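The block underneath contains the structure these notes are about, expressed in structure tokens.
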Amino acid sequence: DNVLFEPFTLGDLELPNRIIMAPLTRARASQPGDVPSDMNARYYAQRASAGLIISEATQVSQQGQGYAYTPGIYTPEQIAGWRKVTDAVHAAGGRMHAQLWHVGRISHPELQPGGELPVGPSAIKPEGSQVFISADSGMVDIPTPRALEADELPGIVEQYRQGAENAREAGFDGIEIHAANGYLLDQFIKSGSNHRTDDYGGSVENRLRFPMMVVEAVKQVWPAARIGIRVSPTGSFNSMFDADPHTTFRALARKVQEAGLAYIEVVEDSFQGNHENGRPESVIDAIREEFTGAYIGNGAYSRNEAIERINAGRCDLASFGRPIIANPDLVERFRQDAPLNEWDASTFYGGDERGYTDYPTLAESQ
Ligand SMILES: C=C(C(=O)O)c1ccccc1
């Protein structure tokens, strides 16, 4: 076997391999109420051979929802739905973290409590971003968000803490804080989206303050060994930009080290794996210098590139998105270096079993 099959202790969780199922929005929560379903449980259980499954982004409140049909983790029905998922994954021998999500400005009044404006660190419209709000409206433009008042922030921190609590009740093995891809925490971290002049904006220290309040809050619920965080230092998805990612994410990695979290998952190029900017190797170096926990690399790796990067010490584990959508038995295929099913992008988001639970395993294809 290759290095992908060397067991790894993530925090205090024993993983049988280094192949991680990346968090993947599929917009297939059951309605009404954005509740995880039996179909969702089947999809995740099919992929339980991954060393660890990280759930799709899961909103911690109505205010934190940005797209139709993404699952929440803030109502009793949603918690019960997630319990079905974790039971099925555990029965199949897997392990699963919940990715806790608040979209911030990437939303629309149709999805917001009381039809309010989406909220963010500053009233800066994410040019070019769109969200899917319903089957009949489809993709719509995003309005200029309302800038959050400082005294609203503790309430949002509580949404994450409660979400962490609900993840425990739902049977997850741990949580991942979603601080990547232009959603609320990334909006605070990066200079392009955070123009605040109070203690939560301006300097790197100030821009990291609110995200680190969230880290401290969920540490009241979970041991740090069961908490990870996802970041996208050079990600441009959702109209994001930071003037100095090297400095910003070195500082973040140092704070995550002080917090003692189990891992950092890094989106290593702009979203959806197009290497237009190449891998930000110097930023990866800075993170690795400051953070001695596990580094999960995400960046459209092939099987062989993942092996190379682990052997070269550029990452400890690798997370895979589209390949594991199309290959429920990706682990076995990587073990055998077998051919992979092609993914069908037209069924990534929304819909039913088609393009979700109906991709064949190797055994089913022979
Ligand atoms: C949660 C997402 C992310 O992290 O980028 C997402 C949301 C909608 C479509 C694709 C991805």
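When a ligand or atom number is given, it counts from 1 through the structure's own listing order. Keep in mind that what you see is a predicted model, and the values were worked out from it rather than measured.
- Counting the atoms of ligand 1 from 1 in the order shown, those under 4.0 Å from a heavy atom of Y349 are 9 (C), 10 (C).
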Which donor-acceptor pairs under 3.5 Å do side chains of residues 91-100 form with protein atoms, sequence neighbours excluded?
unit_1: R95; atom_1: NE; unit_2: G51; atom_2: O; d: 2.6
unit_1: R95; atom_1: NH1; unit_2: G93; atom_2: O; d: 3.0
unit_1: R95; atom_1: NH2; unit_2: A50; atom_2: O; d: 3.1
unit_1: R95; atom_1: NH2; unit_2: G51; atom_2: O; d: 3.2
unit_1: H97; atom_1: ND1; unit_2: I175; atom_2: O; d: 3.3
unit_1: Q99; atom_1: OE1; unit_2: A57; atom_2: N; d: 3.4
unit_1: Q99; atom_1: NE2; unit_2: E176; atom_2: OE2; d: 2.9

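- Put simply, no part of F348 is less than 4.0 Å from ligand 1, judged by heavy atoms.
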Practice task
Under the ring pair (Phe, Tyr, Trp, His ring centres under 6.0 Å) rule, what do Y263 and F291 come out as? Steps first, then yes or no, please.
Solution key: CA-CA 9 Å; Y263 72 84; F291 180 64; 8.7 Å; no
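- If you look at Y67 and Y349, their ring centroids are not closer than 6.0 Å.
- The side chain of H178, and not its backbone, has at least one atom closer than 4.0 Å to an atom of ligand 1 (non-hydrogen atoms only; side chain from C-beta on).
- Listed by first then second residue, pairs satisfying ring pair (Phe, Tyr, Trp, His ring centres under 6.0 Å) with a partner in residues 188-235 read F188-F210, not counting sequence neighbours.
- Each of the following atoms of ligand 1 lies closer than 4.0 Å to a heavy atom of A57: 1 (C).
- For atom 3 (C) of ligand 1, the candidate residues are V131, N181, D186, V267; the nearest heavy-atom contact is made by N181.
- T292 and Q257 are linked by a side-chain donor-acceptor pair at a separation below 3.5 angstrom, with hydrogens and angles left out of the test.
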